Amino acid sequence: MPDIRPVRGTHDLHGDELRRHRHVTATAAAVARCHGFDEIATPIFEFTDIFARSLGDTSDVVAKEMYTFEDRGGESLTLRPENTAGVVRAVVSGGLLQSPPLKLFYAGPMFRYERPQKGRLRQFHQIGVEVLGAAEPAADVEVVALGQQVLEQLGITRGVTLEINTLGDPESRQAYRATLVRYLEGHKARLSADSLTRLGHNPLRILDSKDEGDRAVIAEAPIIDDSLNEASRDFFAAVEEGLAELGIACTRNHKLVRGLDYYTHTAFEFTSTELGAQSAVLAGGRYDGLSRAIGGPDMPGVGWAAGIERLAMLTADPPPLPRPVAVVPIGAAAESAARLLAHELRRAGHRVELAYKGKPGQRMKRADRQNARWAVLIGEDELSRGSLTLRDLDTGREQAVERIALSTRLADDAAQTE
RNA sequence: GCGGGUGUAGCUCAGUCGGUUAGAGCGCCAGAUUGUGGCUCUGGAGGUCGCGCGUUCAAUUCGCGUCACUCGCCCCA
């Protein structure tokens with residue numbers, strides 16, 4: 001093992017793995033486009049305040065997971081741990097919300113200082129969508145439908161379920177929080193140590209604790225429905241109806257909460273049974289309070305994010321690359337003609353392999369390993385005849401082809417196999 | 001940040017109850033095949049046995065530490 005290593009929790013991407021990532025991103029981008037989303041790319045770092053204020057001081061992300069550093073001017077900057085705050089900031093500072101709603105898609109790296117695990121890295125990649133300036137439940141429905149279609153088109157359906165909940169508006173959330181704390185205070189003795197600390201700063205989180213003792217307490221806990229005001233109840237009912245209209249199956253999970261403070265109303269999560277401890281594959285919700293929290297105007301929003309690494313693990317193999325054409329010169333006299341031929345075929349849009357050196361046998365072997373569909377042989381015979389030998393590498397059959405007809409011939413074949 | 005497991009060739013793995021030149025399969029390179037790949041045969045390259053320290057006449061093997069990966073917890077995509 002050489003003494004030169006990548007930073008812990010970072011991965012080099014290449015070959016098949018990178019192709020899988022690109023496939024995930026391209027598929028999601030295409031589905032987002034169908035839904036009328038435009039792409040946005042924001043910087044991978046922001047002033048630390050943007051994240052600190054949006055995530056809430058009590059969240060673990062802020063408390064211990066951010067990559068924060070001072071630049072040479074003494075400003076505190078942070079590598080983005082997620083992208084919603086950055087997108088909202090970009091929309092506010094760029095004045096992009098001229099005619100709401102604004103529908104945005106993004107893809108890129110995120111950074112969290114965590115203990116790496118399967119499907120969890122320190123530099124990881126997310127795709128996500130945000131709808132800004134829309135307070136209507138129809139936006140929530142559209143966003144969920146978009147997420148489902150992305151998973152479907154990636155072939156991620158086995159063991160995947162959609163869970164949904166509501167956190168209500170701020171008033172309802174506050175009321176529920178108070179009710180829940182009152183109940184949990186009465187059962188302190190049965191709560192785990194982790195949950196006792198959460199009781200102080202993030203009691204909703206206790207609801208999705210994995211501790212068995214906690215679960216027994218939680219099973220009897222009051223549910224949010226009894227704390228929802230009328231507006232919140234109507235909103236959630238509209239989302240549920242909207243999903244039902246589209247035939248999108250989901251299960252109500254009263255214990256689905258979000259760790260991040262800015263979430264209101266809808267919270268949802270597509271989970272997979274095939275990811276070990278990291279079951280969430282695509283998750284999001286509504287965050288009407290975020291813009292205000294980071295110092296912007298009132299601006300409702302709803303969106304989701306999904307980890308590309310996790311999606312890539314679950315998705316089927318990406319479509320294969322188009323098979324190349326190998327140009328194989330035979331004899332020194334043909335080298336120059338082969339280079340010119342490859343040049344012309346490439347300019348005509350063909351994927352062409354031409355080895356820099358080697359005997360015909362070696363070059364054929366290389367063509368085979370590159371999974372080439374055809375070998376175009378050019379040697380003294382061909383040069384004197386003024387034609388080329390086209391060898392079908394699947395069948396071994398050869399035929400003479402006029403040079404002028406070659407490009408069209410190859411293009412026709414490619415069109416047929418698509 | 002906490003607890004468990006693993007670390008031998010590019011990949012998947014044997015092996016060494018501490019002993020001299022550490023193996024296999026696949027992959028790679030070359031030859032058989034001086035105008036032709038896949039199959040076959042032959043040969044070859046490639047390892048400070050993750051790294052460091054310790055114990056020992058001797059460590060890839062034992063101990064400790066460290067790094068990485070991995071499973072779970074916390075949290076989250």
Side-chain angles (χ1 to χ4, degrees), chain A residues 1-11 15 24 55 58-66 81-84 107-128 147 151 192-195 197-198 202 205 208-211 257-260 269-272 275-285 303-314 326 328-334 353 355 358-383 389-398:
Chain A
M1 193 63 71
D3 192 38
I4 169 169
R5 287 171 276 111
V7 172
R8 180 179 207 195
T10 66
H11 271 4
V24 167
L55 299 177
T58 58
S59 81
D60 268 34
V61 172
V62 168
K64 59 179 195 190
E65 294 177 1
M66 296 203 310
E82 54 91 38
N83 204 28
T84 303
M110 308 292 159
F111 307 84
R112 287 182 200 173
Y113 192 87
E114 303 185 274
R115 179 95 178 238
Q117 243 180 73
K118 183 179 191 161
R120 173 201 283 174
L121 296 168
R122 288 184 174 181
Q123 175 174 338
F124 61 107
H125 300 82
Q126 284 189 333
I127 51 173
L151 294 177
S192 66
D194 278 336
S195 288
T197 54
R198 280 187 285 223
N202 202 354
R205 266 283 162 210
D208 64 359
S209 168
K210 289 174 189 168
D211 181 89
V257 295
R258 306 251 60 117
L260 309 182
E269 205 166 286
F270 287 87
T271 62
S272 167
L275 276 175
Q278 276 70 50
S279 60
V281 21
L282 187 155
W304 51 252
I308 296 179
E309 281 81 2
R310 293 185 187 176
L311 294 173
M313 278 188 282
L314 297 172
V328 177
I330 296 163
E353 299 283 357
K359 294 183 289 191
Q362 294 169 313
R363 290 170 129 150
M364 287 297 290
K365 192 167 183 172
R366 187 171 173 81
D368 195 55
R369 261 185 287 117
Q370 285 161 334
N371 191 31
R373 176 70 186 84
W374 303 100
V376 179
L377 300 161
I378 177 166
E380 276 175 39
D381 294 354
E382 286 79 4
L383 287 173
T389 299
L390 182 62
R391 182 181 176 88
D392 183 326
L393 290 175
D394 290 344
T395 65
R397 273 198 283 274
E398 287 184 0

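Everything numeric here is computed off the predicted structure, so don't read it as measured data. Chain A is the first sequence line, chain B the second, and so forth, proteins listed ahead of strands; every chain is numbered from 1.
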May I have the distance from [X] (atom [atom1]) to [N] (atom [atom2]), rounded to whole angstrom?
{"X": "A/Met110", "N": "B/C76", "atom1": "CE", "atom2": "P", "value": "16 Å"}
{"X": "A/Arg115", "N": "B/C67", "atom1": "CZ", "atom2": "C1'", "value": "12 Å"}
{"X": "A/Arg198", "N": "B/C73", "atom1": "CZ", "atom2": "C1'", "value": "10 Å"}
{"X": "A/Arg366", "N": "B/A30", "atom1": "CZ", "atom2": "P", "value": "10 Å"}
{"X": "A/Arg122", "N": "B/C75", "atom1": "CZ", "atom2": "C1'", "value": "14 Å"}
{"X": "A/Phe111", "N": "B/A77", "atom1": "CZ", "atom2": "C1'", "value": "15 Å"}
{"X": "A/Glu309", "N": "B/C76", "atom1": "CD", "atom2": "P", "value": "18 Å"}
{"X": "A/Asn83", "N": "B/C76", "atom1": "CG", "atom2": "P", "value": "18 Å"}

How would you list, by chain and number, every residue that makes a side chain to side chain donor-acceptor pair (under 3.5 Å) with A/Glu380, sequence neighbours excluded? none

Using a 4.0 Å heavy-atom cut-off, does [X] contact any base of the nucleic acid, only the sugar-phosphate backbone, or nothing at all?
{"X": "A/Gly147", "answer": "nothing"}
{"X": "A/Ile378", "answer": "nothing"}
{"X": "A/Glu114", "answer": "base"}
{"X": "A/Gly361", "answer": "sugar-phosphate"}
{"X": "A/Gly396", "answer": "base"}
{"X": "A/Glu398", "answer": "base"}
{"X": "A/Glu382", "answer": "base"}
{"X": "A/Ala367", "answer": "nothing"}

Comparing nearest nucleotides in RNA chain B, the 5'-proximal residue of the pair A/Asp208, A/Asp392 is A/Asp392

Comparing nearest nucleotides in RNA chain B, the 5'-proximal residue of the pair A/Leu393, A/His125 is A/Leu393

Does the pair A/Arg122/A/Glu114 count as a salt bridge with the N-to-O cut at 4.0 Å? no

Considering only the [atom1] atoms, how many Å lie between [N] and [M], rounded to the nearest integer?
{"N": "B/C2", "M": "B/G47", "atom1": "C1'", "result": "36 Å"}
{"N": "B/A68", "M": "B/A58", "atom1": "P", "result": "32 Å"}
{"N": "B/U60", "M": "B/U36", "atom1": "P", "result": "49 Å"}
{"N": "B/G1", "M": "B/A59", "atom1": "P", "result": "34 Å"}
{"N": "B/A30", "M": "B/C39", "atom1": "P", "result": "16 Å"}
{"N": "B/U66", "M": "B/C29", "atom1": "C1'", "result": "37 Å"}
{"N": "B/C51", "M": "B/U8", "atom1": "C1'", "result": "14 Å"}
{"N": "B/A45", "M": "B/G31", "atom1": "P", "result": "16 Å"}

Extract from the structure each pairing of a protein N or O with an N or O of nucleotides 39-46 of chain B at less than 3.5 Å, listing the distance.
none

Quick one: does [X]'s side chain get under 4.5 Å of [Y]'s, heavy atoms only?
{"X": "A/Arg373", "Y": "A/Asp392", "result": "yes"}
{"X": "A/Thr10", "Y": "A/Leu121", "result": "no"}
{"X": "A/Ile308", "Y": "A/Ile127", "result": "yes"}

Can you tell me the pairing partner of [N] across any strand shown, Watson-Crick or G-U wobble, with both distances under 3.5 angstrom?
{"N": "B/G72", "result": "B/C2"}
{"N": "B/C51", "result": "B/G65"}
{"N": "B/A14", "result": "none"}
{"N": "B/A32", "result": "B/U40"}

Reported CH2-to-CG distance for the pair A/Trp374 and A/Asp394, which is rounded to 0.5 angstrom: 8.0 Å

State whether the distance check finds a donor on one side and an acceptor on the other, under 3.5 Å, for side chain [X] versus base [N].
{"X": "A/Arg369", "N": "B/G37", "value": "no"}
{"X": "A/Arg205", "N": "B/C75", "value": "no"}
{"X": "A/Arg120", "N": "B/A77", "value": "no"}
{"X": "A/Gln117", "N": "B/U70", "value": "no"}
{"X": "A/Asp368", "N": "B/G37", "value": "yes"}
{"X": "A/Arg310", "N": "B/C76", "value": "yes"}

If you take all heavy atoms of A/Leu311 and A/Ala306, which pair is closest and at what distance? CD1-CB, 3.8 Å

Under the rule for salt bridge (charged side-chain N to carboxylate O under 4.0 Å, His left out), what residues qualify as partners of A/Asp211, not counting sequence neighbours? none

At under 4.0 Å, does any side-chain N or O of A/Lys359 touch on OP1 or OP2 of B/A30? no

Would you say a side-chain N or O of A/Arg8 is under 4.0 Å from OP1 or OP2 of B/C69? yes

Compare the minimum distances between each of B/C74, B/U36, B/G31 and the side chain of A/Gln362, then state the nucleotide with the smallest one. B/G31

Can you tell which of B/A77, B/C74, B/G37 lies closest to the side chain of A/Met364? B/G37

Using only atom types and a distance under 3.5 Å, with no angle test, would you say the side chain of A/Gln370 pairs donor to acceptor with the backbone of A/Ala372? no

Treating A/Glu269 as the side-chain partner and A/Gly284 as the backbone partner, does any N or O pair qualify as donor plus acceptor under 3.5 Å? no

Is it the case that A/Thr389 and A/Glu398 place a side-chain donor and acceptor less than 3.5 Å from each other? no

